Asks: 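Sharing a structure with you now.
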Amino acid sequence: MALAAQTGAVIEPMSIDEAYLELSARYRDNEADAALFESLPLARHLKQTIFSERGLTATIGIAANKLLAKLASDFQKPNGLTLVPERDKVAFLRPLPVRAIPGVGPVTERALRQAGLTTVGQVQDYPGDLRALAGSFGPKLKRFAFGEDDRPLEIGDVIKSVSSEETFARDTDDRRVLRACLREQAAEISAELKARQLGARTVQVKVRYGDFKTLTRQLSVEEPLFEANDLYRLGCFLLGREKLVCRPLRLLGLAVSSLGEPQDPQLSLL
DNA sequence: TCTGGGGTCCTAGGACCC
DNA sequence: TCTGGGGTCCTAGGACCC
């Protein structure tokens, strides 16, 4: 990442080992495809440096937007380097399975298949209303199918929720086990909130039973909370009020959302 | 997919207010 | 007292991603 920063790139980390680099500032004076090709030496240099410094291979996709860069990097997986020029993007996309498009999971894939659409090319050619198949994602899916994507890089780490959950080795309704679990989760979440100087106005518990049935119950409060004890007690309250531990649990989870600046800790009630 | 954990976003119904 | 609409918040569940 430090190396990438030296290139003057704007960076959006996606996970521990994946990131988008925007280099349009570095190659801005060129026609789109020319700029892409000009970034090839830098991409090769990045791969080489990662390998010599860490002994790891890296895969890079080069394209004019996030969607295409991601698909390009997926194209040739270990140790790949794929460039998708603007002029080739529609053809590049055509043979890909619909599942390759980010946002198309098992459910949307099934809906599309039932309409006879299994490749991105078929989505490109589809004259019907994709909303009927993919809901509000339909219009975006259509644009993605043609390689159009204007999502900007998201930098900064605005976080919207914090959660912790645990799947038990054996389903349990032992109150002591569950309380200890919840207490630990509350402590973890509290530490995260404090580290980020955030408070949470919504607390949610999640339970899953042996048959995989999963329920959530949440509660919003006036004052943003961040103390482990407050989170723990609200979690207990929700479990009890909703009688969620009516049979053994496979999973117990605690989550907070509606995050914002905490009030003066002195005023924190409950 | 006999199924782990931490996230985001969307939908839909109900409460409540104007 | 009943009806209608819009806006916002809360809640629950689900699809999806890494």
Side-chain angles (χ1 to χ4, degrees), chain A residues 1 11-20 58-59 61 66-67 69-71 73-74 77 97-114 130-141 144 149 151-172 181-182 184-193 195-196 198 200-225 231 234-235 237-239 241-244 248-260:
Chain A
M1 206 65 97
I11 301 173
E12 177 184 349
M14 288 305 290
S15 63
I16 192 136
D17 63 352
E18 204 175 280
Y20 288 106
T59 295
K66 287 166 74 169
L67 168 78
K70 168 78 172 153
L71 293 175
S73 79
D74 288 341
K77 235 349 187 173
V98 291
R99 193 70 163 75
I101 301 287
V104 177
V107 175
T108 306
E109 180 186 29
R110 193 182 328 124
L112 293 172
R113 189 173 57 237
Q114 283 168 359
L130 283 173
R131 277 182 188 274
L133 304 176
S136 64
F137 182 59
K140 195 172 189 176
L141 174 58
F144 277 5
D149 176 19
R151 291 172 300 162
L153 263 64
E154 289 172 26
I155 48 184
D157 56 341
V158 197
I159 189 171
K160 307 214 164 159
S161 65
V162 181
S163 65
S164 172
E165 57 187 63
E166 181 172 344
T167 299
F168 302 114
R170 297 183 54 177
D171 299 359
T172 179
C181 176
L182 203 58
E184 204 172 298
Q185 292 169 340
E188 263 178 44
I189 292 169
S190 169
E192 178 76 14
L193 289 175
R196 292 176 178 271
L198 288 172
R201 285 193 45 250
T202 302
V203 177
Q204 180 187 73
V205 292
K206 170 174 172 179
V207 298
R208 176 172 292 153
Y209 303 104
D211 60 2
F212 218 70
K213 183 179 172 64
T214 305
L215 300 178
T216 63
R217 290 295 181 268
Q218 68 181 53
L219 180 64
S220 294
V221 296
E222 202 78 4
E223 290 278 323
L225 307 175
L231 304 179
L234 270 186
F237 171 74
L238 281 167
L239 286 179
R241 185 183 73 176
E242 304 282 341
K243 303 204 180 348
L244 295 177
L249 303 186
R250 169 166 303 179
L251 172 148
L252 177 60
L254 185 66
V256 299
S257 55
S258 301
L259 306 184

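Just so we're clear, the structure is a prediction, and the values are computed from it rather than from any experiment.
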Asks: What's the separation between atom CZ in A:Arg151 and atom NZ in A:Lys66, rounded to the nearest 0.5 Å?
Replies: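 Nearest 0.5 Å value for the CZ-NZ distance: 5.0 Å.
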
Asks: Could you tell me whether A:Arg201 contacts a base, only the sugar-phosphate backbone, or nothing, with contacts defined as non-hydrogen atoms closer than 4.0 Å?
Replies: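 Result for A:Arg201 = sugar-phosphate.
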
Asks: Quick check on contacts: within residues 158-168 of chain A, what sits under 4.0 Å from DNA chain C by heavy-atom distance?
Replies: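 Under 4.0 Å from DNA chain C: no residue of residues 158-168 of chain A.
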
Asks: Could you work out the separation of C:dC18 and B:dT3 based on their P atoms and round it to a whole Å?
Replies: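 Going atom to atom, P in each nucleotide, I get 23 Å.
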
Asks: Is there ring stacking between A:Phe212 and B:dC2, where the centres must be under 5.5 angstrom apart and the planes under 30 degrees?
Replies: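 Base of B:dC2: not stacked against A:Phe212.
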
Asks: Would you write out the dot-bracket form of DNA chain B, 5' to 3', with Watson-Crick and G-U pairs under 3.5 Å, [ ] for crossing pairs, | for pairs to other strands and . for unpaired bases?
Replies: ....||||||||||||||

Asks: Roughly, in whole Å, what's the span from CD in A:Glu12 to P in B:dG7?
Replies: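 After rounding, the reported distance stands at 17 Å.
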
Asks: Quick check for you: to the nearest 0.5 Å, what is the distance between A:Glu18 atom CD and A:Glu12 atom CD?
Replies: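 Reported value, rounded in 0.5 Å steps: 10.0 Å.
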
Asks: Check A:Phe168 against A:Thr172 and note the closest heavy-atom contact, atom names and distance.
Replies: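 So the two residues come closest at CD1-CG2, 3.8 Å.
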
Asks: Would you please name every residue forming a salt bridge (Lys or Arg N to Asp or Glu O under 4.0 Å) with A:Arg241, sequence neighbours left out?
Replies: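 Salt bridge (Lys or Arg N to Asp or Glu O under 4.0 Å) check on A:Arg241 returns nothing, list empty.
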
Asks: Below 4.0 angstrom, N of the basic side chain to O of the carboxylate: do A:Asp211 and A:Lys213 qualify?
Replies: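 No salt bridge links A:Asp211 with A:Lys213.
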
Asks: Where do A:Leu238 and A:Gln204 come nearest, in terms of heavy atoms and distance?
Replies: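 What the structure gives for the nearest pair is CD1-CA, 4.4 Å.
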
Asks: Using a 4.0 Å heavy-atom cut-off to protein, can you give one letter per nucleotide of nucleotides 12-18 of chain C, 5' to 3': B if the base is in contact, S if only the sugar-phosphate is, - if neither?
Replies: SS-SSSS

Asks: In chain order, what residues pass the salt bridge (Lys or Arg N to Asp or Glu O under 4.0 Å) check against A:Arg99, with sequence neighbours excluded?
Replies: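 Partners of A:Arg99 by the salt bridge (Lys or Arg N to Asp or Glu O under 4.0 Å) criterion, ordered by chain and then number, come out as A:Glu109.
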
Asks: Run the side chain to side chain contact (heavy atoms under 4.5 Å, CB included) test against A:Thr108 and tell me which residues pass, sequence neighbours left out.
Replies: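 Once residues adjacent in sequence are excluded, the partners of A:Thr108 under the side chain to side chain contact (heavy atoms under 4.5 Å, CB included) criterion are A:Val104, A:Leu112, A:Ala134.
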
Asks: Could you work out the separation of B:dT1 and C:dA15 based on their P atoms and round it to a whole Å?
Replies: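 Comparing P positions in B:dT1 and C:dA15 gives a spacing of 14 Å.
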
Asks: List the atom of A:Ile155, the atom of A:Ile11, and the distance in Å for their closest heavy-atom pair.
Replies: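 Heavy-atom minimum between the residues: CG2-O, 3.1 Å.
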
